[in-house]
Amino acid sequence: MKVHHLNFGTMREIDPEHDGLAPASALNHCLLVETDSDGLVLVETGFGTVDVERPVEALGQTFLDRTQAVLDPAETGVRQLARLGFAAEDVRHIVLTHLDLDHSGGLPDFPEAKVHLHDAEYRAAMAATSTHPEHALRYRPAHWEHRPHWVTYETRKGLSWFGFDALELEGLPSDILLVPLPGHTEGHCAVAVKDGEKWLLHAGDAFYYHGQIDPEARWEIPLWNALEEIATIHRPLNMGQQARLRELLREHGDEVEVFSAHDPWAFQRYV
């Protein structure tokens, strides 16, 4: 398999106020995986064409004000894949960490793809906003009005990935796995992808910046800590997941690389 690291959407600049790191813009770190026999796989979709063309409807004014999203059409997944020589229909599978609006915006650009995610996340996103008004800020129906081909999974014991529960995905090789990490949302997951001799773990929003999971010397970005408190449904559970990720790196850092969805400094390691 060949793995591409791509940014599907730049947002506001963050000053880490940490030695050796310059201010950088938050982004949507997505993966394009060229499999040997199962076509193209996207891990996350960032912002899509619908967000660029109908930003207030698709994303909401609160999100736009808070994130200062750039919404450059050239950064959408469908445009970036075209520059790599691929068509939208070449994407056969999309694997999502969760359905927050900055992770699902590109879904309408790949209408033929199967969309893999945790069942608890799917059910939370599809719940009526009248019953769960807090969902209106994070889950945006414009991203699935095209009625995607959903493929959902429930957490079950059986397959273990470095001590974490893992779920094999329908129609995909065992080199791509869903790793349940609930806390940020009800059905939040990480996505593990084998890249050569190492595993990559796209941890979505289980953490926001790598200082949170540094196994030796943790450091903080107060602005992002405050945003995490607002956006996380089960904060104690999410903090526990971060502790588990620190332990993963402490024990298996030579076998696994872990990064989150919006950390620009981690993204810079891959491009």
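Applying the under-4.5 Å side-chain rule to Ile, Leu, Val, Met, Phe, Trp and Tyr, the cluster around L27 extends to F267, V271.
Nearest heavy-atom pair, L201 versus V179, reported as atom, atom and distance to 0.1 Å: CD1-CG2, 4.3 Å.
Residue pairs meeting the side chain to side chain donor-acceptor pair (under 3.5 Å) criterion with at least one partner in residues 3-12, sequence neighbours excluded, are H4-E34, H5-H29, N7-T10, T10-E75. Applying the salt bridge (charged side-chain N to carboxylate O under 4.0 Å, His left out) test to every pair with at least one member in residues 226-240, sequence neighbours left out, gives these pairs: E228-R235.
Between R147 and E112 there is no salt bridge, since no side-chain nitrogen of the basic residue lies less than 4.0 Å from a carboxylate oxygen of the acidic one.
For the residue pair Q242 and Y208, no side-chain donor N or O sits within less than 3.5 Å of a side-chain acceptor on the partner. Between the side chains of H103 and N28, no donor N or O sits under 3.5 Å from an acceptor N or O. Looking at E170 and Y153, their side chains never bring a donor and an acceptor atom within 3.5 Å of each other. For the residue pair N238/H184, the side-chain donor-acceptor check at 3.5 Å is not satisfied. Looking at Y270 and D195, their side chains never bring a donor and an acceptor atom within 3.5 Å of each other. Between H202 and T97, the side chains place no donor N or O within less than 3.5 Å of an acceptor N or O (distance only, hydrogens not considered).
A donor-acceptor pair under 3.5 Å links the side-chain atoms of D109 to the main chain of T49, judged by distance alone.
Remark: R244 qualifies as a cation-pi partner of F164 under the 6.0 Å distance and 45° angle criteria applied to the six-membered ring.
Checked against the 6.0 Å centroid criterion, the rings of Y122 and W150 qualify as a close aromatic pair.
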Practice item. May I have the step-by-step check of side chain to side chain donor-acceptor pair (under 3.5 Å) for S260 and H210, ending in yes or no? Key: CA-CA 8 Å; S260 61; H210 59 282; over 6 Å; no
Check your understanding: Are H143 and D51 close enough, and set up right, to give a side chain to side chain donor-acceptor pair (under 3.5 Å), and what steps lead you there?
Key -> CA-CA 9 Å; H143 291 167; D51 301 313; 2.7 Å; yes
